[in-house]
Amino acid sequence: MRVLSVASEIYPLVKTGGLADVAGALPGALAAEGVEARTLIPGYPAVLAALDSHEPVMPLDLFGWPGHLLAARAGQLDLFVIESPSLYGRAGNIYSGPDGWDWPDNAFRFAALGRVAAQIGAGEAAGFPPDIVHVHDWQAALAPAYLHYAFDGRRPGTVLTIHNLAFQGQFPPTLVGPLGFPSDAYAMDGLEYYGSLGFLKAGLRFADRITTVSPGYAREIAAPGGGMGFDGLLRTRAADLSGILNGLDISVWNPATDPRLAAAFDASRLPLRGINKQAVQRQFGLPEDAGALLFGVVTRLTWQKGMDLLHQVLGALPKGSQLALLGAGEPALEKAFTAASAARHTQIGVRLGYDETLAHRMQGGCDALLVPSRFEPCGLTQLCALRYGAIPVVARVGGLADTVIDANPVALAAGVATGVQFAADDITALQEALGQTARLFRDRQAWSAMQRNGMAADVGWKAPAAEYAKLYREIAA
Ligand code: ADP
């Protein structure tokens, strides 16, 4: 079984969010299932710089821009890379320019990704005719549409995975022709989406199977009003839609070997977390108080993540608790949290930016990890928290609800709780959850039992990879 995975980012080469983690870890896990997976990725400068070896496969015509398909290796990753300096050779963010706006030619940059995926899918890359083309998110979602409209003959099975339905890839309909589609493709039954050319729409329409990254989110997006404009289409495809939880790369996220921690530990050496806690408190300029309940937040600072809700309850943090927040995102939220930290620097520490090392250290040192998202397709930070003995305190949505066992009385009595859940988008519920967490924290025995339950939870890629392999076999058959 040969699979071409297609993604716009891949850990550790280039990452803006959870998609990169999935794209980076799934191929390795699939190998254990007898699946040979290669990933097609745009040749951004960071990708080209990270290649250990590469060789040309074929020249590419990318809507008039020249390019080359490279077969490459970077660390453990087997890659196809689209080398095209005109489309990808620019510094900065992979999606947006220095002004913060999307690159104006994003339609071409990511249509090229889908188009080359379709070429490989059709068997044009010698030596790697895939059985399955597995595309991730809108950036890759045109591949099944290109296979439908622009290629005869060999047709691999296709899977589209939605990592976040909020990002849909909508562009002017005038691009239908320039992107190489026949004009009749612009129809409700084709690429049209509320008056735009919809990349994700195309994938949802033409992929053989649609998956999303948790069973809970799969239910939510197909429910009336829950699909951000797509719930109708998703309901017509209900038989082909399923949820497969993301895993964590447990070799990267392993508290027993993690070089980024101040002190490595495992479930039998939980007191060592105290060294990490102290390091986090110091890094955030908080009093180094071992007894204070330290809440951590590692996140994009956005509406989706409920960061405005969190900001509103900062005045009601439980007495004696501290908050360390690492995040980057919406300027208004960055400003608001910076101001809160300046006003209450002994209780609230804020670091703006993206810092992988600090993220690891926070998971290993914070007592609890807060995830108050309004919606959450899967969420990775709560999985990291489980593995690192930080108690996840999460909104009851999507993958958060699927992965954290709430400390309700029954779960506590049965000794299976791993975290705290609360109703999403509800300030009162969030406040109560903070209070409940503080009460649980005072019960040292219950707390460490929850930590050990979480650390024993299976959050790796083995089970999800087996589910993907099963899905591939079904379509290939
Ligand atoms: P999303 O993909 O929606 O941003 P996820 O929880 O699925 O959210 O994945 C986020 C990933 O990015 C996690 O691996 C998390 O540790 C990491 N992350 C998010 N924000 C930061 C940050 N400011 N610094 C370091 N890592 C971050």
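One-based numbering, in listed order, for ligands and for the atoms of each.
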Checking a contact table here: which protein heavy atom is nearest [atom], and how many Å away?
atom	result
atom 10 (C) of ligand 1	Gly18 N, 4.1 Å
atom 15 (C) of ligand 1	Thr381 CG2, 3.6 Å
atom 6 (O) of ligand 1	Leu380 N, 2.9 Å
atom 17 (C) of ligand 1	Tyr354 OH, 3.7 Å
atom 4 (O) of ligand 1	Arg300 NE, 2.8 Å
atom 8 (O) of ligand 1	Lys305 NZ, 3.0 Å

Worked check of side-chain hydrogen bond (donor to acceptor under 3.5 Å, both in side chains) between Asn164 and Gln304: CA-CA 10 Å; Asn164 191 335; Gln304 178 202 334; 3.0 Å; yes
Those residues that, when tested against Thr16, pass side-chain contact (heavy atoms from CB on, under 4.5 Å) (two or more places apart):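 Thr16 satisfies side-chain contact (heavy atoms from CB on, under 4.5 Å) with Glu9, Asn93, Ile94, Tyr95 once adjacent residues are dropped.
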Close-contact set for ligand 1 against [X] heavy atoms, below 4.0 Å:
X	answer
Asp21	11 (C), 14 (O)
Gly17	2 (O)
Ala359	25 (C), 26 (N)

Does ligand 1 have any atom sitting under 4.0 Å from a heavy atom of [X]?
X	result
Cys384	no
Gly327	yes
Gly353	yes

Contact check: Glu356 vs ligand 1, nitrogen or oxygen atoms, below 3.5 angstrom: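 The answer is no, given that Glu356 and ligand 1 share no N or O pair closer than 3.5 Å.
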Any pair counted as salt bridge (Lys or Arg N to Asp or Glu O under 4.0 Å), so long as it reaches residues 286-304, sequence neighbours left out: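 Every salt bridge (Lys or Arg N to Asp or Glu O under 4.0 Å) pair that includes a residue of residues 286-304, provided the two are not neighbours, is Arg282-Glu288.
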Thr211 side chain near Glu467 side chain, heavy-atom distance below 4.5 Å: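 Not in contact.
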Just heavy atoms, cut-off under 4.0 Å: does [X] contact ligand 1 by side chain, backbone, both, or neither?
X	result
Asp355	backbone
Thr299	backbone
Lys15	side chain

Candidate pair Asp355 and Arg260, rule salt bridge (Lys or Arg N to Asp or Glu O under 4.0 Å), full reasoning: CA-CA 11 Å; Asp355 186 336; Arg260 289 158 160 150; over 6 Å; no
Parallel, tilted or perpendicular, as decided by the 30° and 60° cut-offs, for the rings of His360 and Tyr388: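 Correct class here is perpendicular.
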Ring geometry between Trp138 and Phe199 (parallel below 30°, tilted from 30 to 60°, perpendicular above 60°):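 Judged by the thresholds at 30° and 60°, the geometry between Phe199 and Trp138 is perpendicular.
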Row check, Tyr88 ring normal vs Arg109 NZ/CZ: under 6.0 Å, within 45°: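 No cation-pi geometry.
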CD on Gln451 to CG on Leu270, rounded to 0.5 Å: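 The CD atom of Gln451 is 5.0 Å from CG of Leu270, to the nearest 0.5 Å.
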Identified side-chain contact (heavy atoms from CB on, under 4.5 Å) partner of Gln283 from the options Arg361, Met362, Gln278: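 Answer to the side-chain contact (heavy atoms from CB on, under 4.5 Å) test with Gln283 among Arg361, Met362, Gln278: Arg361.
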